[in-house]
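Working notes for the structure below.
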Amino acid sequence: SYPDLAGFGRRFIDIDPGELRDAVLYQLGALDAFAQVAGTGIAYAKPHGALYHACITHPAQAEAVAAATLEYDPSLAVLGAPGSYLLVAVDGLGLEAVPEAFADRAYLPDGNLVPRAEVGAVITDPAIAADRAVSLAIDRCVVANDATRIAVHARSICIHGDTSGAVAIAQAVRAALEAASVGIHPFTG
């Protein structure tokens, strides 16, 4: 994410792409070190918060994230919004681009997420999130906040760990996907 501890990375920073590359490279190294101490490693990279959203429409920042990931470990997959500059940059560098969708967030008709400051942006009802996940996996679409159906082609479905009731949401999503005979498997090898 952006170097924004106080804002939990949810505030946009118009940072120099070189500085952003360095920050992401540092964060990948730190995350990997913690993973190794826990007896595992990292298999993918994903921008967080405002950086995730900036990488949709901001080519220089998307390219900085992609470059840092390539430099750190070219075997890492990279998650991002379908059609984003990030996934284009990642694909161009030969990294695995993984488009993702969100079961616990509301969508705008243009395919972007409803800003968190707006009412209804975060979905906390497990049944609604589960229905959205099944629709995303099977129909490759989601109902936007204006009731239109929009196409969302994703290989991964995210549930935010800091969403209220995240564990119950994840359990409901998994149960609904299994009931719909959707295979659940990691996108990384």
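Just so it is clear, the model here is predicted, and its values are computed rather than measured. Numbers here are sequence positions counted from 1.
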Please tell me whether Y2 and Q61 have a donor and an acceptor in their side chains that are separated by less than 3.5 angstrom.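 Indeed, the side chains of Y2 and Q61 share at least one donor-acceptor pair under 3.5 Å.
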For the residue pair F102 and H160, does the interplanar ring angle fall in the parallel (under 30°), tilted (30 to 60°) or perpendicular (over 60°) class?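 Parallel.
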If you count every heavy atom of other residues, nucleotides or ligands that lies below 6.0 Å from [X] atom [atom1], does the total exceed 12?
{"X": "R149", "atom1": "CZ", "value": "no"}
{"X": "L5", "atom1": "CG", "value": "no"}
{"X": "R10", "atom1": "CZ", "value": "yes"}
{"X": "Y52", "atom1": "OH", "value": "yes"}
{"X": "Y44", "atom1": "OH", "value": "no"}

Same cluster or not: [X] versus [Y], using hydrophobic residues (I, L, V, M, F, W, Y) connected whenever any side-chain heavy atoms lie under 4.5 Å apart?
{"X": "L28", "Y": "L20", "answer": "yes"}
{"X": "V114", "Y": "I123", "answer": "no"}
{"X": "I169", "Y": "L136", "answer": "no"}
{"X": "I13", "Y": "L86", "answer": "yes"}
{"X": "L31", "Y": "L95", "answer": "yes"}

Quick check: closest heavy atoms across [X] and [Y], and the distance to 0.1 Å?
{"X": "L177", "Y": "A133", "answer": "CD2-O, 3.8 Å"}
{"X": "G18", "Y": "D16", "answer": "N-OD2, 2.9 Å"}
{"X": "H153", "Y": "P82", "answer": "O-CG, 3.4 Å"}
{"X": "A166", "Y": "G161", "answer": "CB-O, 3.7 Å"}
{"X": "A101", "Y": "A154", "answer": "N-CB, 3.6 Å"}
{"X": "T57", "Y": "P59", "answer": "O-CD, 3.3 Å"}

For the atom pair [atom1] ([X]) and [atom2] ([Y]), what is the distance rounded to the nearest 0.5 Å?
{"X": "C55", "Y": "L79", "atom1": "SG", "atom2": "CG", "answer": "12.5 Å"}
{"X": "E118", "Y": "L113", "atom1": "CD", "atom2": "CG", "answer": "11.5 Å"}
{"X": "I128", "Y": "D104", "atom1": "CD1", "atom2": "CG", "answer": "12.0 Å"}
{"X": "K46", "Y": "S156", "atom1": "NZ", "atom2": "OG", "answer": "7.0 Å"}
{"X": "N112", "Y": "I56", "atom1": "CG", "atom2": "CD1", "answer": "5.0 Å"}
{"X": "E71", "Y": "L93", "atom1": "CD", "atom2": "CG", "answer": "10.0 Å"}

Give a yes or no on whether the backbone of [Y] and the side-chain of [X] come within a donor-acceptor separation of less than 3.5 Å.
{"X": "T69", "Y": "V65", "value": "yes"}
{"X": "T40", "Y": "A35", "value": "no"}
{"X": "R132", "Y": "V173", "value": "no"}
{"X": "H48", "Y": "F8", "value": "yes"}
{"X": "D139", "Y": "C141", "value": "no"}

Are the side chains of V142 and I150 in contact, using a 4.5 Å heavy-atom criterion?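 Yes, side chains in contact.
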Show the numbers, then the answer: is there a side-chain contact (heavy atoms from CB on, under 4.5 Å) between R116 and R105? CA-CA 9 Å; R116 280 183 173 268; R105 290 295 308 278; 3.7 Å; yes
Below 6.0 angstrom between ring centroids: does that apply to F12 and H53?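 No.
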D73 and I42: CA distance, side-chain angles, deciding distance, side-chain contact (heavy atoms from CB on, under 4.5 Å) verdict: CA-CA 10 Å; D73 183 349; I42 59 174; 5.8 Å; no
Checking side-chain contact (heavy atoms from CB on, under 4.5 Å) for the pair V78/V98: CA distance, chi angles, key distance, verdict? CA-CA 6 Å; V78 179; V98 180; over 6 Å; no
